[in-house]
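Below is one structure, written out as C-alpha cells; the observations come after it.
Whatever order the structure lists ligands and atoms in, that order sets their numbers, starting from 1. What you see below is based on every heavy atom in this structure, not just the backbone, and it leaves out hydrogens, waters and symmetry mates. This chain uses plain numbering: 1 for the first residue, then up along the sequence.
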Amino acid sequence: MKLTGKTALVTGGNRGIGLATVRALAEAGAEVHFTARSAPNLTAARRDLGETQATGHLANMTDRIAMATLLDQGFDILVNNAAVIAPIGRILDIPAEDWATSIDINLTSAFHATQRVLAHMVARGGGTIVNISSGAAHRPQEGWSAYCAGKAGLAMLTRSIHLEYGAQGIRIFGFAPGVVDTDMQVAIRASGINPVSKLPRESLAPASEPARAIAWLCTPAADPLAGQELDVRNPELRAASGLPPLP
Ligand SMILES: NC(=O)c1ccc[n+]([C@@H]2O[C@H](COP(=O)([O-])OP(=O)(O)OC[C@H]3O[C@@H](n4cnc5c(N)ncnc54)[C@H](OP(=O)(O)O)[C@@H]3O)[C@@H](O)[C@H]2O)c1
C-alpha cells in the first residue's frame, strides 16, 4: 500500500478506529492529520501514536469555523470517522435535544466537512472520502434510533456524492468496520439494551483490522468499488486489503 505524497485528515483520530486509521495511513506513507476535541485527548493520542508521524488539531466536528479553517488546508483524503452512539434508549425515553445532537455530530457535521473538502478536491481534480458507516445504517437496533438514522443518512450522502462528483475524480466509500473493540462498544455493553450489547468483548475485532481496509480504500486498487457501501466482512475486500479470512 503506497500513499506517499498524499495528505489525509481523520476526524476523531484520537482513539479507537480513528487512531488506528491514523497509524495505518501513516504506515502507508501519507502525511496524516487528525482531530481531537480536547487538549488532554490530543496529548493522549500523541502518546499512543509513539513514533508514528501525524499532526493533531484541536477541533470539535460541530465547530464549523474550526473545521473550515482546518479543511481549507486541502486534503487528498478525508476519513469521516468521528461519531457518537449516544443517546442510547427507546424513543420515549430519550431527550429530543440529545437525538438532534447525535444527528448534528454523526451526519450534519460530516456533511459540512465533506462539502468543505470537496471544493478543494474538485478544484485539484480528485480526492478520496471514506465515510465510516455501520450495519446500523441498514438495520434498526433497539435503543439506537438516533445512531441508525444518522448512519443511514450518511450512507445516502455517500451515494449522493458519488452521483454528483464521481465523474470529477471524487472516490467516495461508505465503510462498515464490523464490531470493533473500542470505547464505543464499552458504552454499548454497559447499556445492555439490544443484541449488540450482549456480544462478549473477546468476540470483537481489533481496530487495526478496519484501519487496514480503510487505508486500502485510499489506494487506486479500490477504484472499482467507489460509490459503494462496503463491509469489513466482505471476503473479497478482506483479501484485497491483506486481512485474514474470517473463520
Ligand atoms: N466500534 C464499533 O464496533 C463500530 C461499529 C460500527 C461503526 N463504528 C463507527 O466507527 C467510527 C469510530 O468509532 P469508534 O468505535 O472508534 O468510537 P469511539 O472509540 O467512541 O471514538 C469516537 C471518536 O469520535 C470522536 N468524536 C465524537 N464526537 C466528536 C465531535 N463532536 N467532534 C470531534 N470528534 C468527536 C471521539 O472524540 P472524543 O475522544 O473527544 O470523545 C473519538 O475520537 C464511528 O463512526 C462509529 O460510528 C464503530
Seminar exercise, completed: Output for ligand 1, non-hydrogen cut-off under 4.0 Å, lists G12, N14, R15, G16, I17, R37, N41, A59, N60, M61, N81, A82, A83, V84, I105, I132, S133, S134, Y147, K151, P177, G178, V179, V180, T182, D183, M184, Q185
For this session: Please name the pair of heavy atoms, one in R189 and one in L199, separated by the smallest distance, quoted to 0.1 Å.
Result: CD-O, 3.7 Å
Problem set entry | S197 versus I188, closest heavy-atom pair with distance | CB-O, 3.0 Å
For this session: Quick one: name the residues clustered hydrophobically with M121, using the 4.5 Å side-chain heavy-atom rule over I, L, V, M, F, W, Y, and just say none if it's on its own.
Result: L9, M61, M67, L70, L71, F75, L78, I94, W99, I103, L107, F111, V117, L118, V122, I129, L154, L157, I161, Y165, I170, I172
Exercise. Got a sec, which hydrophobics cluster with M156, joining ILVMFWY side chains under 4.5 Å apart, including via others?
Worked result: none
For this session: For R124, enumerate each residue passing the salt bridge (charged side-chain N to carboxylate O under 4.0 Å, His left out) test, keeping only those at least two apart in sequence or located in another chain.
Result: D76
Exercise. Using a distance-only test with no angle check, is there a side-chain donor-acceptor pair under 3.5 angstrom linking Q73 and H120?
Worked result: no
